[in-house]
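Right, one structure below, let's go through it.
Heavy atoms only: backbone and side chains are in, while hydrogens, waters and symmetry mates are out.
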Amino acid sequence: LDIRDSKSNTYSNSKYYKVGDYSIDAKQLRDNYYHYDINIKSPDGKTSTIEISEAGTDIYVSAVLALDETTALIPASTSKGKRFYVLALTDNELTTANNKDYEWVDVYNLNWSFSGSDGEVYYRAYDGIYRVNIAQKANEKVFDYSWCEINRGLISHLDIAECFGDSFI
């Protein structure tokens, strides 16, 4: 969804995620700088919003990844480098994590992430499709573009519509 107001310098774009029984809408906003509202819907139906912003800095949230049933990792790229945020969903507490703890996370390719119906997060890269494995702290290549007879230049521009285990659309 892309909403633009032609009379002002505003912009809005959303991506949706599921962490345990929580629904999360990461809504990108632009005033003078890009920032995010993280809208959280808890299992009891209550909603709350956490803002991710930093004065004078553009922030781009790559994805929302489940660390467990009630905790999310929010990797982001900024005009000042990578950032990782940990969001405790039970009390809506957002903390900045140490970058070294999550240096294995591919912040930039996660911009093309997709939440599969199997609950896993996938993303496309120039050489294939990857699954984020939080438990193993790894990005697992689940489909190598070299395995098919399709032009890599064409396939790398396609978006993922559905993922489930070893099936992709």
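Pairing each heavy atom of Lys15 with each of Ser62, the nearest pair is NZ-O, 3.8 Å. Scanning both residues, Asp106 and Asn139, for their nearest heavy atoms gives N-ND2, 3.9 Å. Of all heavy-atom pairs between Ile52 and His35, the closest is O-CB, 3.4 Å. Nearest heavy atoms, Tyr22 versus Glu69: CD1-O, 3.9 Å. Between Thr70 and Asp68, the closest heavy-atom pair is N-OD1, 2.8 Å.
At a threshold of 4.5 Å between side-chain heavy atoms, the hydrophobic network of Ile, Leu, Val, Met, Phe, Trp and Tyr places Leu110 and Tyr16 in two separate groups. Hydrophobic cluster membership differs between Tyr85 and Val105, with clusters built from Ile, Leu, Val, Met, Phe, Trp and Tyr side chains linked at under 4.5 angstrom. Taking hydrophobic clusters as Ile, Leu, Val, Met, Phe, Trp and Tyr residues chained together by side-chain heavy-atom distances below 4.5 Å, Leu65 shares a cluster with Leu67. The cluster map of Ile, Leu, Val, Met, Phe, Trp and Tyr, joined by side-chain heavy atoms under 4.5 Å apart, puts Val132 and Val107 in the same cluster. There is no path of hydrophobic side-chain contacts, each under 4.5 Å, that joins Tyr108 to Tyr60.
The backbone N or O of Lys82 sits less than 3.5 Å from a side-chain atom of Asn99, completing a donor-acceptor pair.
Here the OH-OG distance, from Tyr17 to Ser113, works out to 4.0 Å after rounding to the nearest 0.5 Å. Summarising the geometry, atom NZ belonging to Lys41 is positioned 12.0 Å from atom CG belonging to Asp21; distances are rounded to the nearest 0.5 Å. Taken to the nearest 0.5 Å, the CD atom of Glu54 stands 5.0 Å off from the NZ atom of Lys80. A distance of 3.5 Å separates NZ in Lys141 from CG in Asp127, rounded to the nearest 0.5 Å. One distance of note links OG of Ser53 with CG of Asp58; it measures 11.5 Å at 0.5 Å rounding. We find the CD-CD1 distance between Glu93 and Ile50 to be 9.5 Å, quoted to the nearest 0.5 Å.
Inspection of the Thr49 and Asp37 side chains reveals no N or O donor paired with an N or O acceptor under 3.5 Å.
In this structure, Lys18 and Ser23 have side chains that are in contact, with non-hydrogen atoms separated by less than 4.5 Å. Counting heavy atoms from C-beta on, the side chains of Ile24 and Asn39 never come closer than 4.5 Å. The shortest distance between side-chain heavy atoms of Leu87 and Val19 does not fall below 4.5 Å. Side-chain contact between Trp104 and Ile134: present, with at least one pair of heavy atoms (C-beta onward) separated by less than 4.5 Å. Side-chain contact check for Ile59 versus Tyr34: every heavy-atom pair is 4.5 Å or farther apart. Side-chain contact between Tyr123 and Asn111 is absent, with no heavy-atom pair separated by less than 4.5 Å.
For the side chain to side chain contact (heavy atoms under 4.5 Å, CB included) criterion with Ser48, the lone passing option out of Asn92, Leu89, Ile38 is Asn92.
Relative ring orientation between Phe84 and Tyr102 is described as tilted, the plane-to-plane angle lying within the 30° to 60° band.
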